[in-house]
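Below is one structure, written out as structure tokens; comments come after it.
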Amino acid sequence: MLEHPDVPIKPLIKAVGICKSFQNAGNRIEILTDAAFSLESGETVAVVGASGIGKSTFLHLMGTLEQPDKGALLFLDKDVCRFDALSLARLRNESIGFVFQFHHLLPEFTALENTMMPALIQGIKKPAAREAAEQILVRVGLKERLTHRVTKLSGGEQQRVALARALVLKPRVLLADEPTGNLDRLNSDQVHELLMELNQEFDMAMVVVTHNAELASFMAKRVTILDGKIITTQ
């Protein structure tokens, strides 16, 4: 197939005119005001800045976990703000991986069972879901821990399971909120390195909210929120 270099490549995610506010004790707090943001396939972005400026809210909007008050959020040129709840759930399951500061794993299940969940939700048959989960768990260094329950894993291992669960369906974008916030220096460094390797291997975009300057320095771009706008700082 011939390539057409003059044809612009559509961003993976594009936010246009996004507004988001909250009510607190009768006061209206503006988080985003006519904000814009664009994310290309495979791009890495760190969202940095002081606590309370709306970094997590921004990430939740990008992942469709929250809806903006106004504006459009385009995922491959489709305005997902117009999607119904079922369509949004399908988009998140198929195309977006989430990792949070707290791993949100199911403690009564094993590492393998937790990692299989997104595939089973999508309707993938159990043998195929198990195979996909095993492959990604091995890739994140947990080959010997597949059948261990979450409560028997260390903090670093638990976060690796959370990362494996987020990536088992090979999403187009990974959204991570303080993914190493509860880890010690050694485990943080290992997760940092792993994130960057997986970004390259899977060609997935990655947006990471972090206070960790070292992790932020690995990203191709850094942004913050200032006066309700998304501002590039690097």
Side-chain angles (χ1 to χ4, degrees), residues 42-47 55-56 59-60 62-63 65 92-122 124 126-220:
E43 187 177 19
T44 59
V45 179
V47 187
K55 300 187 300 295
S56 293
L59 198 74
H60 292 172
M62 294 301 102
L65 296 175
R92 288 191 293 267
N93 177 253
E94 294 177 351
S95 300
I96 305 173
F98 296 94
V99 179
F100 301 99
Q101 181 174 354
F102 302 100
H103 52 72
H104 299 299
L105 299 171
L106 299 174
E108 66 271 26
F109 292 111
T110 65
L112 182 61
E113 290 166 338
N114 269 279
T115 305
M116 289 171 62
M117 290 293 179
L120 295 174
I121 290 171
Q122 193 181 106
I124 295 173
K126 194 170 183 179
R130 182 184 181 91
E131 181 180 359
E134 287 181 351
Q135 288 178 354
I136 189 63
L137 282 167
V138 169
R139 176 59 190 86
V140 301
L142 295 176
K143 180 179 180 180
E144 308 301 326
R145 313 293 273 173
L146 300 182
T147 59
H148 286 65
R149 294 190 186 277
V150 168
T151 53
K152 300 298 183 181
L153 301 176
S154 69
E157 289 170 338
Q158 290 173 348
Q159 196 64 317
R160 285 170 180 262
V161 175
L163 180 58
R165 180 185 58 185
L167 299 180
V168 67
L169 294 178
K170 298 184 178 178
R172 300 292 301 269
V173 58
L174 177 70
L175 303 178
D177 195 348
E178 296 287 359
T180 59
N182 284 333
L183 302 181
D184 59 29
R185 177 62 185 268
L186 176 61
N187 279 301
S188 292
D189 289 347
Q190 291 174 345
V191 171
H192 296 170
E193 183 177 345
L194 187 59
L195 284 170
M196 302 315 297
E197 290 175 358
L198 293 169
N199 160 253
Q200 294 294 317
E201 290 174 23
F202 291 177
D203 191 30
M204 65 178 179
M206 189 160 61
V207 181
V208 181
V209 169
T210 185
H211 284 102
N212 189 302
E214 184 177 0
L215 177 55
S217 71
F218 292 150
M219 304 294 152

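Reckoned from all heavy atoms, side chains included, excluding hydrogens, waters and symmetry mates. In this text the structure is predicted, and so the values were computed from the model without any measurement.
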Side chains of D189 and H192, heavy atoms from C-beta outward: is any pair under 4.5 Å? yes
Report yes if some heavy atom in the side chain of T44 is under 4.5 Å from a heavy atom in the side chain of M196; otherwise report no. yes
Can you tell me how far the CG atom of L112 sits from the CZ atom of R130, to the nearest 0.5 Å? 5.0 Å
Any donor-acceptor pair under 3.5 Å linking the side chain of R165 with the backbone of N114? no
Quick one, L195 with M206, criterion side chain to side chain contact (heavy atoms under 4.5 Å, CB included). Give me CA distance, side-chain angles, the key distance, then yes/no. CA-CA 9 Å; L195 284 170; M206 189 160 61; 4.0 Å; yes
R160 side, atom CZ; L142 side, atom CG - distance, nearest 0.5 Å: 6.5 Å
Do F98 and L65 have side chains that approach each other closer than 4.5 Å (heavy atoms only, starting at C-beta)? yes
A side-chain contact here means heavy atoms from C-beta on lying under 4.5 Å apart; do L198 and L163 qualify? yes
M204 vs K170 side-chain heavy atoms within contact, under 4.5 Å: no
Any idea which heavy atoms bring L120 and K126 closest together, and the distance? CD2-CA, 4.0 Å
Is there side-chain contact between F109 and M117, with heavy atoms separated by less than 4.5 Å? yes
Step by step, work out the salt bridge (charged side-chain N to carboxylate O under 4.0 Å, His left out) result for R185 and E214. CA-CA 11 Å; R185 177 62 185 268; E214 184 177 0; 3.4 Å; yes
Taking all non-hydrogen atoms of both residues into account, name the closest pair between P171 and G97 and its distance. CB-N, 3.6 Å
Distance in Å, F202 CZ paired with R139 CZ, rounded so as to fall on 0.5 Å steps: 7.5 Å
Distance in Å, T110 OG1 paired with M116 CE, rounded so as to fall on 0.5 Å steps: 8.5 Å
Working to the nearest 0.5 Å, report the span between CG of L137 and CG of L146. 5.5 Å
For atom CD of E193, is the number of surrounding heavy atoms from other residues, nucleotides or ligands below 6.0 Å larger than 12? no
E178 side chain to H211 main-chain N or O, any donor-acceptor pair under 3.5 Å? yes
Closest heavy-atom pair and its distance - R149, P107: CB-O, 4.2 Å
Looking at every non-hydrogen atom in both residues, tell me the closest pair between V99 and P179 and how far apart they are. CG1-CB, 4.2 Å
Nearest atoms (heavy-atom pairs only) where A128 meets I124: CB-CG2, 3.7 Å
Within the supplied structure, the quantity of interest is the number of heavy atoms (other residues, nucleotides, ligands) at a distance under 6.0 Å from R145 CZ; does it exceed 12? yes
Residues H60 and F100: closest non-hydrogen pair is NE2-CE2, 4.2 Å
Can you confirm whether V45 sits close enough to M219 that some side-chain heavy atom of one is under 4.5 Å from a side-chain heavy atom of the other? no
Beyond-backbone contact of E157 with K152, side-chain heavy atoms, under 4.5 angstrom: no
Using only atom types and a distance under 3.5 Å, with no angle test, would you say the side chain of Q158 pairs donor to acceptor with the backbone of V150? yes
CD1 of I136 to CG of L167, rounded to nearest 0.5 Å, is 5.0 Å
